[in-house]
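Everything on this sheet refers to the single structure shown next.
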2 protein chains.
Amino acid sequence: MPGPPHVRRPATLASLAAELGVSRTTVSNAYNRPDQLSAPLRERVLEAARRLGYPGPDPVARSLRTRKAGAVGLLLTEALSYAFRDPAATGFLEGLALACEQANQGLLLVPVSPDHVDVTAVHQAGVDGFVVYSVREDDPHFMAVLERPVPTVVCDQPTGVEGVDRVGVDDRAGMLGLARHLTGLGHRRFGVICMRLAAGHNDGPASAQRQESITYPVQRDRLGGIRDGLAEVGVDWADVPVIERFEHSVEAGRDAAEELMTAHPDLTAVVCTSDILALGALQHAGERGLSVPEDLSVTGFDGVPEAGRAGLTTVSQPVLEKGRIAGELLLQRGDRNRSRRVTLPTELVVGSTSAAPRSDQRFFSGW
Amino acid sequence: MPGPPHVRRPATLASLAAELGVSRTTVSNAYNRPDQLSAPLRERVLEAARRLGYPGPDPVARSLRTRKAGAVGLLLTEALSYAFRDPAATGFLEGLALACEQANQGLLLVPVSPDHVDVTAVHQAGVDGFVVYSVREDDPHFMAVLERPVPTVVCDQPTGVEGVDRVGVDDRAGMLGLARHLTGLGHRRFGVICMRLAAGHNDGPASAQRQESITYPVQRDRLGGIRDGLAEVGVDWADVPVIERFEHSVEAGRDAAEELMTAHPDLTAVVCTSDILALGALQHAGERGLSVPEDLSVTGFDGVPEAGRAGLTTVSQPVLEKGRIAGELLLQRGDRNRSRRVTLPTELVVGSTSAAPRSDQRFFSGW
DNA sequence: TCAACGCACCGTAACGGTTCAGAGGTTCAC
DNA sequence: GTGAACCTCTGAACCGTTACGGTGCGTTGA
């Protein structure tokens with residue numbers, strides 16, 4: 001009946017070596033390079049380790065020496081727990097996790113304090129590289145990541161940062177296709193619901209000035225795609241109300257739709273820059289007694305599973321693939337010459353939430 | 001236009017100190033203890049750091065010295081990506097992430113190779129503790145975790161491990177309540193669909209012998225709860241077919257239900273040990289032309305959001321809370337006297353998938 | 001018989017920090 | 001004038017490991 005193994009200081013490679021009368025190198029080799037010492041000696045070392053309760057080489061000390069942490073850091077600006085709630089983020093994470101486990105690398109979720117800005121966690125993270133998921137261009141945590149001397153891959157945004165790889169989709173083209181789908185159906189009176197456009201809460205209409213100073217490139221591109229599509233049929237962007245929400249949730253979408261439809265009851269199509277918001281808009285349409293798509297068309301972006309079940313018309317993007325590629329980009333960077341850019345295709349998914357406006361609605365569209 | 005900052009070896013605390021003609025301690029203090037040196041000198045240090053491209057103290061070296069990694073390791077036996085697909089796991093992770101970010105700790109997802117057993121990742125992980133989520137009693141990765149000299153918290157299973165904290169629910173009592181609900185409605189002919197019971201694929205009936213050698217305590221308890229509930233009304237457990245599935249997915253549940261109902265078409269209630277499996281069973285009932293709950297009652301376990309939307313009768317457990325508490329247990333272990341056990345309550349949620357069997361069905365129940 | 005070779009193991013020098021016990025110097029109260 | 005308290009900074013030890021370049025010795029081929 002041995003006492004607790006903590007009678008003295010925990011065993012180290014050195015103490016084990018001393019106990020056995022061999023060098024530290026030999027003990028190290030017993031673990032890392034079995035071919036560098038004879039089998040009997042190796043067994044002696046391992047046996048002594050068992051006896052002394054030595055748990056094997058300390059991972060941190062090894063990391064220091066080998067300059068490898070064996071993990072990839074993931075930075076999300078949202079509170080960490082958000083990653084598990086947003087289905088688009090979840091899909092991305094699944095893909096990233098896939099790539100990591102294939103390379104036998106850990107995935108470190110870097111904590112980001114939701115309230116006050118504190119980048120110590122970024123400095124603290126023992127990782128070989130960072131994946132940054134969809135953050136603001138001027139995000140302080142992202143700045144801290146750039147200071148770290150490790151490779152970095154950005155997903156979605158920010159775009160065009162020097163020296164970092166990026167994976168994303170052509171948000172503008174995706175939205176342009178969707179807009180054409182709607183204008184082709186005959187829609188002319190649009191409203192838009194979008195995610196946050198820049199730092200700071202701005203729950204309400206996004207003024208022209210606000211739209212000028214967007215710091216989330218993805219939102220900029222998606223709005224730009226709609227604008228371009230509408231311009232093709234002569235709809236002036238200035239006449240299109242855009243409602244912004246800080247929170248990204250079904251509830252926020254519902255709420256935004258209420259604000260939008262109350263101020264503009266004659267809209268025939270509500271374009272949302274995400275499926276989550278669109279699901280909320282659908283919910284509000286029901287509450288308002290509007291039939292979708294007869295009275296109102298509603299569209300989203302992302303192509304999350306929930307949207308599929310709801311029959312939402314949306315622009316689908318390969319979120320899992322995005323995550324997988326982000327991981328591979330980071331882990332397989334053979335040449336680190338210059339930044340690579342991967343743009344994945346989007347697909348217009350026409351569901352049951354978009355249709356031609358009613359003829360009496362269309363009648364009004366002439367003004 | 002400065003050249004790339006990688007002209008020479010990257011700057012270290014020592015090189016910075018040499019450059020400035022101060023001691024390393026002073027540089028270290030400039031970062032960690034601003035009150036230990038004069039403001040002007042501190043500014044000089046920081047300025048030099050900026051100039052030389054010094055990114056601040058290396059996190060790994062700091063971890064080695066301070067014996068703190070600033071991260072918590074999470075071990076799942078399933079492939080890492082599974083964590084983002086199973087809604088019960090996702091809820092748990094959200095809670096755990098919440099606790100971590102509150103303590104400003106990272107969350108390291110430890111990669112587990114799905115195919116061959118390889119515990120190096122566990123040894124590799126630079127963490128201050130482990131959370132183990134629902135693994136087999138004899139899981140080799142778990143064994144490797146126990147060898148690491150860091151605190152460990154187990155969620156759900158394995159139970160009763162010496163020296164580790166555990167958070168979970170009373171699975172047996174939860175299932176017992178559910179069983180009573182069904183027997184109270186008049187059901188007597190049951191079938192059961194359960195998750196994997198031990199190592200190795202066994203897609204099909206779980207023999208009595210298999211049930212004797214369960215290595216997943218949660219499944220053992222849930223089955224035990226059903227058995228006890230049925231025994232109260234005189235239903236012999238030996239007469240209850242139990243179908244096991246290795247995969248945990250809606251599809252597996254559907255498939256298992258098909259196997260079950262084909263072999264036993266006279267069942268009036270199918271009890272599943274998880275909501276995911278139950279959703280699959282519901283799907284199969286529809287395909288078979290059975291009305292739920294008129295022709296067949298179907299129940300689950302967990303209380304995931306999807307189950308709520310489907311109106312599933314189930315035993316709901318606070319998954320998010322479980323994750324949060326697991327994190328707190330690990331991070332706030334003031335006294336480390338002995339293992340703590342937290343058991344959270346479950347709640348029977350009666351939905352629209354359970355009802356009394358039809359009178360003609362009940363007629364048969366007399367034999 | 002002897003140089004060449006391979007095996008098994010070893011010593012030293014990092015890896016990049018933090019910590020602790022002071023060393024000097026200055027300020028202040030008495 | 002003096003001792004105590006304080007402020008700022010330093011030197012050396014330490015964290016636990018792996019990389020690198022050996023050394024000693026038995027074997028082998030000419």
Side-chain angles (χ1 to χ4, degrees), chain A residues 8-46 48-49 52-70 120 123-128 148-150, chain B residues 8-46 48-49 52-70 120 123-128 148-150:
Chain A
R8 340 204 70 192
R9 309 193 51 185
T12 71
L13 198 130
S15 68
L16 199 56
E19 171 86 10
L20 285 163
V22 301
S23 83
R24 300 206 301 278
T25 304
T26 299
V27 178
S28 175
N29 284 337
Y31 284 95
N32 304 318
R33 303 181 183 175
D35 58 316
Q36 292 293 307
L37 72 175
S38 62
L41 178 55
R42 173 154 195 264
E43 198 36 64
R44 268 213 310 142
V45 171
L46 264 34
L52 272 65
Y54 175 65
D58 181 284
V60 175
R62 165 185 286 163
S63 281
L64 173 60
R65 184 65 243 230
T66 61
R67 321 278 334 152
K68 295 237 163 307
T120 57
H123 292 132
Q124 184 114 322
V127 295
D128 299 323
R148 292 282 304 266
V150 295
Chain B
R8 339 206 71 194
R9 306 195 52 184
T12 70
L13 195 130
S15 68
L16 198 56
E19 171 86 10
L20 285 164
V22 302
S23 80
R24 301 211 305 280
T25 303
T26 300
V27 178
S28 175
N29 284 337
Y31 285 94
N32 303 319
R33 304 182 181 175
D35 59 317
Q36 292 294 307
L37 73 175
S38 63
L41 178 55
R42 172 155 196 263
E43 199 35 63
R44 269 214 309 143
V45 171
L46 265 31
L52 272 64
Y54 176 64
D58 180 284
V60 175
R62 164 184 287 163
S63 281
L64 174 59
R65 183 65 240 232
T66 60
R67 319 284 329 157
K68 296 236 163 307
T120 57
H123 293 132
Q124 185 113 320
V127 296
D128 299 323
R148 292 281 305 265
V150 294

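Sequence lines set the chain letters: A, B, ... in the order given, protein chains first and strands last, and positions in each chain run from 1. The structure presented is a predicted model; accordingly, all values stated were derived computationally and were not measured.
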What's the spacing between B:Arg62 CZ and B:Leu13 CG if we round to 0.5 Å? 10.0 Å
Approximate separation, where rounding is to 0.5 Å, of A:Thr12 OG1 and A:Asp58 CG: 9.5 Å
Hey, which of these two, B:Val22 or B:Arg67, hits DNA chain D nearer its 5' end, going by closest nucleotide? B:Val22
Could you tell me the separation between the CD atom of B:Gln124 and the P atom of D:dT18, rounded to a whole number of Å? 11 Å
Determine whether a donor-acceptor pair (N or O, by modelled atom type, separation under 3.5 Å) exists between the side chain of A:Ser28 and the backbone of A:Arg24. no
Base, sugar-phosphate or nothing for B:Leu37? Non-hydrogen atoms, less than 4.0 Å. sugar-phosphate
Between A:Leu16 (CG) and D:dG16 (P), how many Å, whole number? 13 Å
Picking from C:dG17, D:dG16, C:dT19, the nucleotide nearest the side-chain atoms of B:Arg62 would be C:dG17
note: B:His123, atom NE2; D:dT17, atom C1'; distance rounded to Å ~ 16 Å
Less than 4.0 angstrom between a side-chain N/O of A:Ser23 and OP1 or OP2 of C:dC10, yes or no? yes
Going by side-chain contact (heavy atoms from CB on, under 4.5 Å), A:Arg42 matches just one of A:Asn29, A:Leu37, A:Val27, A:Asp35. Which one? A:Leu37
If only side-chain N and O atoms of B:Ser38 are considered, is one of them under 4.0 Å from the OP1 or OP2 phosphate oxygen of D:dC9? yes
What about B:Thr25, does its side chain sit under 3.5 Å from the base of D:dG11 through a donor-acceptor pair? yes
Starting from C1' on C:dA8, measure out to CG on A:Leu20 and report it in whole angstrom. 16 Å
For B:Thr26, answer base if it contacts any base atom (sugar-phosphate contacts may also be present), sugar-phosphate if it contacts only those atoms, and nothing otherwise; contact means non-hydrogen atoms under 4.0 Å. base
B:Asn29 CG to D:dC7 P: how many Å, rounded? 15 Å
Looking for any heavy atom pair under 4.0 Å, which part of the strands does A:Leu13 touch: base, sugar-phosphate only, or nothing? base
Looking only at side-chain N and O atoms, does B:Ser28 come under 4.0 Å of OP1 or OP2 in C:dT18? yes
Provide, to the nearest angstrom, the distance between the CG atom belonging to A:Leu64 and the P atom belonging to D:dT17. 12 Å
Round to the nearest Å and state the distance from B:Lys68 atom NZ to D:dG16 atom C1'. 16 Å
Between A:Ser15 (side chain only) and A:Ala11 (backbone N and O only), is there a donor and an acceptor less than 3.5 Å apart? no
Looking for any heavy atom pair under 4.0 Å, which part of the strands does B:Tyr54 touch: base, sugar-phosphate only, or nothing? sugar-phosphate
Is a side-chain donor-acceptor pair under 3.5 Å present for B:Ser23 with B:Thr26? yes
Could you tell me whether the side chain of B:Arg65 has a donor or acceptor atom within less than 3.5 Å of a complementary atom in the base of D:dC14? yes
Do B:Arg24 and D:dT10 share a donor-acceptor pair, side chain to base, under 3.5 Å? no
Any base atoms under 4.0 Å from B:Asn32, or only sugar-phosphate, or nothing? Heavy atoms, all strands. sugar-phosphate
Would you mind reading off the distance between B:Asp58 atom CG and C:dC15 atom C1', rounded to a whole angstrom? 9 Å
Using a heavy-atom cut-off of 4.0 Å across all strands, would you classify B:Arg33 as base, sugar-phosphate, or nothing? sugar-phosphate
